[in-house]
Amino acid sequence: MSGPLVDPAEVPDWLAELVRASAATDAAAFTRLTVPDGQNPRAASVLVLFGEQPVHGPDVLLLRRADTLGSHAGQVAFPGGGAEDGDEGPIGTALREAEEETGVEVSGIRPVAVLPRLYIPVSRFAVTPVLAHWEEPSPVHAVDLGETAAVARVPLSELADPANRFMVRKPGGGWKGPAFTVGELFVWGFTAGVLTALLRLGGWERPWDHTDVRDLDVAWARHMERETGRE
């Protein structure tokens, strides 16, 4: 079941609208893809962890996959992964994976809502996003550099900044979706799609240029060139 886990009045005002919206949100708010008939995709969860910092305000925890991985190399993602025996449902999977990947202390995290399962055909996962409030923030870092290159708290204000938003497409006129560039991070694919929907549902979205469509490979290469030049 998806929807709020807490009364919206029990979370900070800036997060309350998103918790309320989760009650009436279905998978169509995030993706047009559905699980094909006859398929039984593997269950997975991600933790969408919202915190707040004195200077930058509300933020969300993201990580960048290691460049040496065989799949999803260098991509930005929420902490998360496949369900394992012993997990207590999607929430248990999301918290376990977040602790394993970022070292976050789960005792300071309060799950506030569960979103509908979202199907990812490339990996054949059905992913359940778990929204959480970081009530007692703890230090985070890339626990295993063989899997995670970096961990970052990204301000929602920077994600919502129209200057950081555009669309990307794969060659051949196929897939097209939203993307972000925030600091060292180039966010696209599943993570960018979920963030786009959450910004809208949470009331944080600002008008941005949906007609700015860039080739994915070119946009990513230019981003990496800029970041390399800053080192």
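Since the model is a prediction, treat every value here as computed from it, not as a measurement.
Taken together through direct or relayed side-chain contacts under 4.5 Å among Ile, Leu, Val, Met, Phe, Trp and Tyr, Val213 and Trp188 form parts of separate hydrophobic clusters. Hydrophobic clustering, with ILVMFWY side chains joined whenever heavy atoms are under 4.5 angstrom apart, groups Ile120 together with Val48. No continuous path of ILVMFWY side-chain contacts below 4.5 Å connects Met167 to Leu185, so the two sit in separate hydrophobic clusters. Put simply, Val60 and Val6 are part of the same group of oily side chains (I, L, V, M, F, W, Y) that touch within less than 4.5 Å, one to the next. Hydrophobic cluster membership differs between Val154 and Trp208, with clusters built from Ile, Leu, Val, Met, Phe, Trp and Tyr side chains linked at under 4.5 angstrom.
Relative orientation of the Phe190 and Phe78 rings is perpendicular, given thresholds of 30° and 60° on the angle between their planes.
Atom-to-atom distance recorded for Ile109:CD1 and Glu99:CD is 8.5 Å, nearest 0.5 angstrom. One distance of note links CG of Leu198 with CG of Leu156; it measures 9.0 Å at 0.5 Å rounding. Expressed to the nearest 0.5 Å, how far OG1 of Thr25 lies from CZ of Arg200 amounts to 8.5 Å. Taking CG from Leu15 and CZ from Arg110, the interatomic distance works out to 10.5 Å, rounded to the nearest 0.5 Å.
Counting only heavy atoms from C-beta outward, the side chains of Pro4 and Val112 never approach each other to under 4.5 Å. Using a 4.5 Å heavy-atom cutoff, the side chains of Leu47 and Leu61 are not in contact. Side-chain contact between Leu159 and Asn164 is absent, with no heavy-atom pair separated by less than 4.5 Å. Using a 4.5 Å heavy-atom threshold, the side chains of Arg222 and Phe186 count as separate. For the pair Leu5/Pro111, a side-chain contact is recorded, criterion being any heavy-atom separation below 4.5 Å from C-beta on. With a 4.5 Å cut-off on side-chain heavy atoms, Asp209 and Phe166 do not count as touching.
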Could you list the donor-acceptor pairs under 3.5 angstrom formed between side-chain atoms of residues 124-138 and any protein atom two or more places apart in sequence or on another chain?
{"residue": "Ser138", "atom": "OG", "partner": "Glu105", "partner atom": "N", "Å": "3.0"}

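Side chain of Asp215 to backbone of Asp217: no donor-acceptor contact under 3.5 angstrom is found. The backbone N or O of Ala83 lies less than 3.5 Å from no partner atom in the side chain of Thr93, so there is not a single donor-acceptor pair. Side-chain atoms of Thr148 do not come within 3.5 Å of backbone N or O of Leu145 as any donor-acceptor pair. A side-chain donor-acceptor contact under 3.5 Å links Asp161 to the backbone of Ala163. Side-chain atoms of Thr191 come within 3.5 Å of backbone atoms of Val76 as a donor-acceptor pair (strictly under, hydrogens ignored).
Here Phe50 pairs with Trp204 under the ring-ring contact (aromatic ring centres under 6.0 Å, His included) rule; sequence neighbours left out.
Side chains of Gln53 and Asp59: a donor-acceptor N/O pair is present below 3.5 angstrom, by distance only. A donor-acceptor pair shorter than 3.5 Å cannot be found between the side chains of Glu17 and Trp14. A donor and an acceptor atom, one from each side chain of Ser123 and Arg42, are nowhere located under 3.5 Å apart.
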Worked verdict on Phe180 versus Leu199 for side chain to side chain contact (heavy atoms under 4.5 Å, CB included): CA-CA 12 Å; Phe180 303 79; Leu199 289 174; 3.9 Å; yes

Residues Arg165, Thr196; criterion side-chain hydrogen bond (donor to acceptor under 3.5 Å, both in side chains); working and verdict: CA-CA 10 Å; Arg165 305 194 64 180; Thr196 295; 3.3 Å; yes

Glu52/Arg153 under salt bridge (Lys or Arg N to Asp or Glu O under 4.0 Å): CA gap, chis, key distance, verdict: CA-CA 9 Å; Glu52 187 172 12; Arg153 298 182 62 170; over 6 Å; no

Full working for side chain to side chain contact (heavy atoms under 4.5 Å, CB included) between Val182 and Leu62: CA-CA 11 Å; Val182 181; Leu62 297 175; over 6 Å; no

Stepwise side chain to side chain contact (heavy atoms under 4.5 Å, CB included) test for His141 and Val151: CA-CA 6 Å; His141 65 285; Val151 177; 5.7 Å; no

Step-by-step salt bridge (Lys or Arg N to Asp or Glu O under 4.0 Å) determination, Glu101 to Arg65: CA-CA 10 Å; Glu101 292 179 327; Arg65 303 292 186 194; 2.9 Å; yes

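The number of heavy atoms from other shown groups lying within 6.0 Å of CG (Asn40) does not exceed 12. Atom CG of Asp13 sits in a sparse spot, with 12 or fewer heavy atoms from other residues, nucleotides or ligands closer than 6.0 Å.
With salt bridges taken as basic N to acidic carboxylate O contacts below 4.0 Å, one links Glu84 and Arg96. Salt-bridge check for Glu184 with Arg64: failed, with every basic side-chain N at 4.0 Å or more from each acidic carboxylate O.
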